[in-house]
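A short worksheet on the structure shown next.
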Amino acid sequence: MSTLATQPAAAAILVDPNSKIAKKILVLGATSGIAEATCRIWAAEGAQMFLVARNAEKLAAVAADLKLRGASYVGTAVADLDDTDKHAELLTHAVNSLTGMDIAYLAHGILGGQARGEQDFEHAAQIIYTNFLAPVSLLTWLANYCVQRHAGVIAVLSSVAGERGRKSNYIYASSKAGLTAFLSGLRNRIDREGVTVMTIKPGPVNTSMTAHMNIRKADVKKVAATIVKAIDKRVDTLYVPIIFLPIMFIVRHIPERIFKKLNL
Ligand SMILES: NC(=O)c1ccc[n+]([C@@H]2O[C@H](COP(=O)([O-])OP(=O)(O)OC[C@H]3O[C@@H](n4cnc5c(N)ncnc54)[C@H](OP(=O)(O)O)[C@@H]3O)[C@@H](O)[C@H]2O)c1
């Protein structure tokens, strides 16, 4: 974490995500295309948000835009989320700045390069670190914070990719598979404490992450609207677009003797 730039926080109120009182939302990876689109909806609802991202310039632009769109409070911190040693300090600062937290939204991640990772272990390790290990550190702190208060929604962007490794992206896919399994276990531990752990599994979405891919991609605004509704409903697992629910059911059930021969 390099800098912590904040504004004065509003009064402390812990609210249900469904209530009309301004939600207090912590966004990690706030400059992500999906996160930004989601935050725009929350801003229009008058939410209070604390945004964390590693690119100061992009973060400032997103924060300014959200204020214009109606957010009742926007705090920011510039942080490389790979820096797990700084997570406790960062998260403490964020929830203090918000004077509470109703929703934590984890959106940062990297696609990385599959071909590069096949030759270069350091690159493969980087993908797994950013997408899995760093979130585990964040989630550990956030889960314990929410359990102490018996409240909160922790919503995390995993991926349909994590459902089955395939040759074109199994390094990224395995990082998301690990994340999905971690979230499943965390939910099993803390749902009974009043804390919702939500696993969001998008299919391909039109953001900078997929800009180079010549495939059918979902519209990021539609994806964000679906995510906001699902968080309000405290859904456990969300496939977005919903067509990926049956698609991934089929993908998971293709026999390995066939799957291993497919060019996927
Ligand atoms: N787009 C898709 O098709 C798709 C599908 C399934 C799942 N997802 C997941 O959804 C999430 C958001 O993806 P997106 O499509 O919105 O991608 P994106 O626009 O490329 O955003 C990714 C964000 O993660 C940030 N980030 C990466 N490493 C970081 C680090 N160490 N510290 C802080 N921030 C870091 C990036 O910051 P910089 O801008 O500074 O690099 C960027 O803002 C990711 O977890 C992704 O894996 C995306």
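When a ligand or atom number is given, it counts from 1 through the structure's own listing order.
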Subject >> atom 13 (O) of ligand 1: the protein heavy-atom neighbour that sits closest, reported with distance to 0.1 Å >> reply: Met209 CE, 3.9 Å
**OP:** Considering only NZ, NE, NH1 and NH2 on the basic side and carboxylate oxygens on the acidic side, decide whether Arg187 and Asp191 come within less than 4.0 Å.
**Re:** no
**OP:** Would you check whether Pro204 has a nitrogen or oxygen atom less than 3.5 angstrom from a nitrogen or oxygen atom of ligand 1?
**Re:** no
**OP:** Give the residue, atom name and distance (to 0.1 Å) of the protein heavy atom nearest atom 3 (O) of ligand 1.
**Re:** Val205 N, 2.7 Å
Original post:
So, is the end of the Arg166 side chain (NZ or CZ) under 6.0 Å from the ring centre of Tyr170 and within 45° of the ring's axis?
Top reply: no
**OP:** Using a strict cut-off of less than 4.0 Å between a Lys/Arg side-chain nitrogen and an Asp/Glu carboxylate oxygen, indicate whether Glu163 and Lys201 qualify as a salt bridge.
**Re:** yes
**OP:** May I ask you to decide whether Lys86 forms a salt bridge with Asp83, counting only side-chain N to carboxylate O separations under 4.0 Å?
**Re:** yes
Original post:
In ligand 1, which numbered atoms sit nearer than 4.0 Å to a non-hydrogen atom of Asp80?
Top reply: 30 (C), 31 (N), 32 (N)
Subject >> Worked check of side chain to side chain donor-acceptor pair (under 3.5 Å) between Glu118 and Gln114 >> reply: CA-CA 6 Å; Glu118 287 168 17; Gln114 172 66 29; 2.8 Å; yes
Original post:
Considering only heavy atoms of Leu81, which atoms of ligand 1 have at least one such atom less than 4.0 Å away?
Top reply: 30 (C), 31 (N), 32 (N), 33 (C)
Original post:
Could Glu45 and Arg69 be called an ion pair, given the rule that one side-chain N must be under 4.0 Å from one carboxylate O?
Top reply: no
Original post:
At what distance is the nearest protein heavy atom to atom 38 (P) of ligand 1, and which residue and atom is it?
Top reply: Arg54 NE, 3.6 Å
Original post:
Which atoms of ligand 1 have any heavy atom of Thr210 under 4.0 Å away?
Top reply: 1 (N), 2 (C), 3 (O)
Original post:
Short list, please: which atoms of ligand 1 are under 4.0 Å from a heavy atom of Asn55?
Top reply: 40 (O)
Original post:
Are Arg54 and Asp82 close enough for a salt bridge, meaning some N to O gap below 4.0 Å?
Top reply: no
Original post:
Under 6.0 Å from the CD atom of Glu57, do we count more than 12 heavy atoms belonging to anything else shown?
Top reply: no
**OP:** Take atom CZ of Arg252 as the centre, draw a 6.0 Å sphere, and report whether it contains more than 12 heavy atoms from other residues, nucleotides or ligands.
**Re:** yes
**OP:** Please check if the side chain of Arg192 supplies one atom and the backbone of Asn188 the other of a donor-acceptor pair under 3.5 Å.
**Re:** yes
Original post:
N/O to N/O below 3.5 Å, does that happen between Ser208 and ligand 1?
Top reply: yes
**OP:** Just let me know how Asp82 lines up against ligand 1, side chain, backbone, both or neither, with a heavy-atom cut-off below 4.0 Å.
**Re:** both
**OP:** Could you state whether Leu139 and Leu90 fall into the same hydrophobic cluster, counting links through intermediate Ile, Leu, Val, Met, Phe, Trp or Tyr residues with side-chain heavy atoms under 4.5 angstrom apart?
**Re:** yes
**OP:** Could you tell me which atoms of ligand 1, counted from 1 in the order shown, lie closer than 4.0 angstrom to a heavy atom of Ser159?
**Re:** 6 (C), 7 (C)
Original post:
Of the protein's non-hydrogen atoms, which lies at the shortest distance from atom 19 (O) of ligand 1, and what is that distance?
Top reply: Gly33 N, 2.8 Å
Original post:
Does Gly203 have a heavy atom less than 4.0 Å from any atom of ligand 1?
Top reply: yes
Original post:
Does the side-chain contact (heavy atoms from CB on, under 4.5 Å) test come out yes or no for Tyr73 and Met49, once each step is laid out?
Top reply: CA-CA 6 Å; Tyr73 169 72; Met49 287 180 268; over 6 Å; no
Subject >> Closest protein heavy atom to atom 14 (P) of ligand 1, given as residue, atom name and distance to 0.1 Å >> reply: Thr207 OG1, 3.6 Å
Original post:
Are any of the N or O atoms of Ile110 closer than 3.5 Å to those of ligand 1?
Top reply: no
Subject >> Pairing residues for Asn263 by the side chain to side chain donor-acceptor pair (under 3.5 Å) criterion, not counting sequence neighbours >> reply: Lys167
**OP:** Determine, using the 4.5 Å side-chain heavy-atom cutoff (strictly less than), whether Phe182 and Val160 are members of one ILVMFWY cluster.
**Re:** no
Original post:
Can Ala79 be said to touch ligand 1, with heavy atoms closer than 4.0 Å?
Top reply: yes
Subject >> Closest candidate by heavy atom, reference atom 24 (O) of ligand 1, pool Gly109, Ser158, Ser32, Ala53 >> reply: Gly109
Subject >> Shortest protein contact, atom 8 (N) of ligand 1 (heavy atom only) >> reply: Tyr172 OH, 3.6 Å
Original post:
Taking the non-hydrogen atoms of Lys176, is any one of them nearer than 4.0 angstrom to ligand 1?
Top reply: yes
Subject >> Closest protein heavy atom to atom 25 (C) of ligand 1, given as residue, atom name and distance to 0.1 Å >> reply: His108 CB, 3.9 Å
Original post:
Atoms of ligand 1 less than 4.0 Å from Ile34 heavy atoms?
Top reply: 10 (O), 15 (O), 16 (O), 48 (C)
**OP:** Give the numbers and elements of all ligand 1 atoms closer than 4.0 Å to a heavy atom of Thr31.
**Re:** 37 (O), 39 (O), 43 (O)
Original post:
Taking heavy atoms and a distance under 4.0 Å, where does Ala107 meet ligand 1: side chain, backbone, both or neither?
Top reply: backbone
Original post:
Just which atoms of ligand 1 are under 4.0 Å from any heavy atom in Lys58?
Top reply: 38 (P), 39 (O)
